[in-house]
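Heads up, the thing below is written out as structure tokens.
Here is the naming used below: chain letters follow the sequence lines, and residue numbers restart at 1 for every chain.
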2 protein chains.
Amino acid sequence: MGSEERGTQAGSRYAEAGVDIDAATRARNLIKAKARTTFRPEVLTEIGAFAGLFKVPSCTDPVLVSSVDGVGTKLKIAIAMDRHDTVGVDLVNHCVNDIFTCGADPLFFLDYIAAGKLVPEKVESVVAGLAAACRDVGCALIGGETAEMPGMYSENDYDLAGFIVGIVERKRILDTDSIEEGDPVLGLPSSGLHTNGYSLVRRIFDLERKGRRALEKSYPELGRTLGEELLEPHRCYYTRLRPIIHEQPGAIKGLAHITGGGILENVGRILPDGLGASFRSGSWPVPPVFELIRDRGKVSPGEMYRVFNMGIGMVLVCSPAQLESMKAALPEAILVGEVTRIRGGKPVVIS
Amino acid sequence: MGSEERGTQAGSRYAEAGVDIDAATRARNLIKAKARTTFRPEVLTEIGAFAGLFKVPSCTDPVLVSSVDGVGTKLKIAIAMDRHDTVGVDLVNHCVNDIFTCGADPLFFLDYIAAGKLVPEKVESVVAGLAAACRDVGCALIGGETAEMPGMYSENDYDLAGFIVGIVERKRILDTDSIEEGDPVLGLPSSGLHTNGYSLVRRIFDLERKGRRALEKSYPELGRTLGEELLEPHRCYYTRLRPIIHEQPGAIKGLAHITGGGILENVGRILPDGLGASFRSGSWPVPPVFELIRDRGKVSPGEMYRVFNMGIGMVLVCSPAQLESMKAALPEAILVGEVTRIRGGKPVVIS
């Protein structure tokens, strides 16, 4: 908070320098109204002071779990389509999934929006997405920074980053050390690309040059336009998985959020030393958008798996004894592989 | 964490799309080493998992205090001078000052760096600044996101945002409601522009066009080059003021961090309804850089006070009875005004 862009004077030389303080004030008021819809009793101040205050919920041995993320070049799709109400959802969901891999419940969120030119209605739309996704998981949007930076961003461009803080009882942190050889690996479907691989997609479809025209093209295999498909929000797994974590403590041994690096890299991050995972390709349906990208870009299978989630947005490891109850609790979960001893160099293989 | 830019594969089509995953891996390793120097016992994981874990320090009634900030177009000065080790200091100090206005001690920090092209050594330099400033205040740098976004940023450009979480005992939150008419107002010197007013400065000195050449010009009144003056890091007030807050609870009634909007707007944010503040211009020295900007840009006094800190980086309100002990504890503090009843419309006046 408290940037120069949050001032309130208009008609000044500052405006000539490309910083529109009136627009900033208008944007701030629009943001406040949206943010207020996310507040919970622990929020001790309203937006607008120098900082956001949040009372720590009572806990025996509380651990704060935090993450920062951006939306990457998925933003360029939103900007080209002039549709700004989904990127905030992407950002919050991405952050919520990240901290939930530790078993943490979200507490509060802060955003950073930087633009070449601050258009209050555009900012409002972005924040509407942030607030909606925050409300869905009971997370308070308690702060933000809106920066107008002429000369850094093109007039229509903006960047968006978000910071989340969640909380977990220390003894409830998911115990990935309990993962053993033979444990089943379940996949939860993604809603599309989530927020990864967009620079490659933009290149393959020549979006920098063709822009909106290419995004408005309909594809029968997608059942909608390319732009609609590419803007599909990043799915949040928190509300589905949280009851299991709380009602069956220890049943979920580990969660891997499949983001950049795909299954290969992200699943490796939660496996104990010496253990790997073997995935059976064909055991889950790969959504048509990935096939379209692969065919259109002549991308090798190996690269597809490294860049994209390929239809699995979250990977869950449990014990063999828990498999049936897990499938009953999560009908959409698919058995996609199992934990193995590492053979050769690669911890995670898809065969 | 977990963006596509944190993958590890090189020589792929992804590289052709402008995303250099090798550079990202190198940058990540350089960041890790720097971040580790800031760790404290409460940090439960190393950088690189899906989230950062931090054990809540024991407290009776803990309140988390958070803030997000950017560096604004001060970054463009750093980029033009190809000097990247100070902007991280600016960012951390700005955030630390913001949460300290509530009396909070910093716990942890996360950064967001987005660039047109990721140059690992440049990122390392930025993170070195973040880490140094974090170490100075005992704050752990526990996470970050490094995004390569071709098409959003020019190849040499990058944006930098930061997010801080601190903690304060609820009963120790500065009680601005205790501020009364007649309370003395003290100013603590700034080190220069801190992080505000750079878009106006860039315009006045025509930096977009003249770039490094204009920044390398020496000014006798500054005793150094314009670039050196403009890159002077944002001062941190935490280490000076923290002992007073802890040893003389209640002595400091309010703190206002002078950022965008200057004294006029920021002091108004901490005053109870019906109260204002009257500042005596001339009671503190205005550093030469502000006079240079004013003369060169023919900026009105009113606008100077709205855009710049004018030499005061933090404003402190205490009771008249505490004034002498406050001045003894803070020899650099200057009595610059007092709290008044609002007369007319403006809460804060400079006369």
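- Ring centroid separation for the pair B:Y112 and A:F163 does not come in under the 6.0 Å cut-off.
- Put simply, of A:E208, A:R202, A:K76, the one with the most heavy-atom pairs under 4.5 Å next to chain B is A:K76.
- B:A104 does not touch chain A: none of its heavy atoms, backbone or side chain, sits under 4.5 Å away.
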Passes side chain to side chain contact (heavy atoms under 4.5 Å, CB included), B:S66 versus A:V165? Steps please.
CA-CA 10 Å; B:S66 58; A:V165 172; over 6 Å; no
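- The existence of a salt bridge linking A:K171 and A:D61 is excluded, since no basic side-chain nitrogen approaches an acidic carboxylate oxygen closer than 4.0 Å.
- For chain A, no part of B:L264 is nearby; none of its heavy atoms comes within less than 4.5 Å.
- Using a 4.5 Å cut-off between heavy atoms, B:T101 contacts chain A through its side chain alone, with no backbone atom that close.
- Interface remark: B:I270 contributes side-chain atoms only to the contact with chain A (heavy atom separation under 4.5 Å).
- Side-chain atoms of B:M152 and A:L75, non-hydrogen and from C-beta on, do get closer than 4.5 Å to each other.
- B:F108 touches chain A through its side chain: at least one heavy atom from C-beta onward sits under 4.5 Å away, while N, CA, C and O do not.
- Per-residue heavy-atom pair counts under 4.5 Å with chain B were compared for A:L255, A:I99, A:L64, and the maximum is reached by A:L64.
- With a threshold of 4.5 angstrom between heavy atoms, B:V65 approaches chain A through its backbone and through its side chain.
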Taking it one step at a time, do A:H234 and A:T195 satisfy side chain to side chain donor-acceptor pair (under 3.5 Å)?
CA-CA 6 Å; A:H234 197 127; A:T195 48; 3.3 Å; yes
Verdict with reasoning, B:F50 to A:F100, per ring pair (Phe, Tyr, Trp, His ring centres under 6.0 Å):
CA-CA 9 Å; B:F50 293 96; A:F100 189 59; over 10 Å; no
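- With hydrogens and angles ignored, the 3.5 Å screen pairs no side-chain donor or acceptor of A:N156 with any backbone N or O of A:I79.
- Looking at A:I258, there are no atoms closer than 4.5 Å to chain B (heavy atoms on both sides), in backbone or side chain.
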